[in-house]
Q: 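The structure under discussion is supplied below as structure tokens; questions concerning it will follow.
Note that the numbering runs from 1 along the sequence shown for the chain.
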Amino acid sequence: MSLTPVDIARHEFSRSFRGYDMGEVRGFLEAVASELAQLQVQLSQAGEAARAAEQQLRSFKDMERNLRDAVVTAQQGMTETRQQLEREREAVLAEARLEADRILLEGERHLEQIREQIRGMQVQKDLFVERLRFLHNSHGWVLDLMEKEPPRVTNEQDTPPA
């Protein structure tokens, strides 16, 4: 049973012999009705405040969910970006290694060509020294022969015809 301030204010009690003072009862009932009316207003205001708080709470929960979703999305984006950067770093590193290997191989080939040229020049030098030595020795032999046997000067007129 729900009582309203109007129900209390208009309530009539049955009369009996030696009952309560009717004016005092009426005054008390009006005071109780007034207090009940104020309490109902406060209850209504409290209900509205509670609904507003619930609405705000739902709003905050929605914001929290949206923020969580944003954080998760950002983390996924960071993870994907980090993975992409790692793949790119690996690709650049592999390319750099290949380029370094190519440069090293080219350098080794160039070094081998230089070594081959040095070997060729060494062979040419050795041949030149050998030829020079032979020429020097042959001149020495010619000089030795010239000193041992002076050349004979022959006159064709001195030789008898055969």
Q: Hey, what do you get for CD (E116) to CD1 (I114), rounding to the nearest 0.5 Å?
A: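 One gets 12.0 Å once the value is rounded to the nearest 0.5 Å.
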Q: Which residue is it: Q83, R89, Q84? I am looking for the one with a side-chain hydrogen bond (donor to acceptor under 3.5 Å, both in side chains) to E86.
A: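 Result for side-chain hydrogen bond (donor to acceptor under 3.5 Å, both in side chains) with E86: R89.
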Q: Salt bridge check, R115 against E108: does any charged N sit closer than 4.0 Å to a carboxylate O?
A: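 The answer is no: the pair does not qualify as a salt bridge.
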Q: Whether E30 and R10 form a salt bridge (side-chain N of Lys/Arg under 4.0 Å from carboxylate O of Asp/Glu) is what I want to check.
A: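 Salt bridge: no.
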Q: Check E90 with R87, please: is the shortest side-chain N to carboxylate O separation under 4.0 Å?
A: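 Not counted as a salt bridge, because no side-chain N and carboxylate O are separated by less than 4.0 Å.
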Q: With a 3.5 Å distance limit and no angle check, can you tell me whether S138 reaches the backbone of L135 through a side-chain donor-acceptor pair?
A: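 Checking the backbone N and O of L135 against the side chain of S138, a donor-acceptor pair under 3.5 Å is found.
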Q: Do R133 and H136 have side chains that approach each other closer than 4.5 Å (heavy atoms only, starting at C-beta)?
A: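 When only atoms from C-beta onward are counted, H136 and R133 do not touch, as no gap falls below 4.5 Å.
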Q: Mind listing the closest non-hydrogen atom pair of L29 and I8 along with its distance?
A: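 Reported closest heavy-atom pair: O-CG2, 3.3 Å.
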Q: Around E112, counting heavy atoms of other residues, nucleotides and ligands shown, do more than 12 lie under 6.0 Å from its CD?
A: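 Yes - once you tally the heavy atoms of other residues, nucleotides and ligands closer than 6.0 Å, there are more than 12.
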Q: Do M63 and N66 have side chains that get closer than 4.5 Å, going by heavy atoms?
A: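 No; the side chains remain at least 4.5 Å from each other.
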Q: Decide whether T4 and D7 meet the rule of one side-chain donor and one side-chain acceptor closer than 3.5 Å.
A: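 Yes, side-chain donor-acceptor contact under 3.5 Å.
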Q: Quick check for you: to the nearest 0.5 Å, what is the distance between K61 atom NZ and E54 atom CD?
A: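 Separation between the atoms: 9.5 Å.
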Q: Does a side-chain N-to-carboxylate-O contact under 4.0 Å join E64 and R68?
A: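 Looking at R68 together with E64, the answer is yes, because their closest N to O distance falls below 4.0 Å.
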Q: Would you find a donor on one side and an acceptor on the other, under 3.5 Å apart, between the side chain of R65 and the backbone of F60?
A: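 Checking the backbone N and O of F60 against the side chain of R65, no donor-acceptor pair under 3.5 Å is found.
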Q: Tell me whether the count of non-hydrogen atoms from other residues, nucleotides or ligands lying under 6.0 Å of CZ in R131 goes above 12.
A: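 No - once you tally the heavy atoms of other residues, nucleotides and ligands closer than 6.0 Å, there are 12 at most.
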Q: Taking V25 as the starting point, is it possible to reach F28 by hopping between hydrophobic residues whose side chains are less than 4.5 Å apart?
A: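 Hydrophobic grouping puts F28 with V25.
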Q: Hey, could you give me the CG/CG distance between L67 and D62, rounded to the nearest 0.5 Å?
A: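 Output value for this atom pair is 11.0 Å.
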Q: Surrounding CD of E95 (heavy atoms of other residues, nucleotides or ligands, distance under 6.0 Å), is the total greater than 12?
A: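 No.
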Q: Mark yes or no for whether T73, through its side chain, and D69, through its backbone, hold a donor-acceptor pair below 3.5 Å.
A: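 Checking the backbone N and O of D69 against the side chain of T73, a donor-acceptor pair under 3.5 Å is found.
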Q: Looking at CG of L127 and NZ of K125, how far apart are the two atoms once the value is rounded to the nearest 0.5 Å?
A: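 L127 CG to K125 NZ: 11.0 Å, rounded to 0.5 Å.
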Q: Going by atom types only, do Q76 and E80 share a side-chain donor-acceptor pair under 3.5 Å?
A: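 No, E80 and Q76 have no side-chain donor paired with an acceptor closer than 3.5 Å.
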Q: Step by step, work out the side chain to side chain donor-acceptor pair (under 3.5 Å) result for Q42 and Q38.
A: CA-CA 6 Å; Q42 289 177 357; Q38 289 177 1; 5.6 Å; no
Q: Strictly by modelled atom types, are R119 and Q122 linked by a side-chain donor-acceptor pair under 3.5 Å?
A: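 Q122 and R119 do not have a side-chain donor-acceptor pair below 3.5 Å.
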Q: May I ask whether V32 and Y20 are part of the same hydrophobic cluster, defined by side-chain heavy atoms of I, L, V, M, F, W, Y residues being less than 4.5 angstrom apart, directly or through others?
A: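 Cluster IDs for V32 and Y20 match.
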Q: What pair of heavy atoms forms the shortest contact from R51 to S44, and how long is it?
A: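 Minimum heavy-atom separation between R51 and S44: NH2-O, 4.4 Å.
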Q: When you look at CZ of R102, are more than 12 heavy atoms from neighbouring residues, nucleotides or ligands closer to it than 6.0 Å?
A: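 Yes, the 6.0 Å shell around CZ holds more than 12 heavy atoms from other groups.
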Q: To the nearest 0.5 Å, what is the distance between CG (L132) and CZ (F128)?
A: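 That separation rounds to 5.0 Å.
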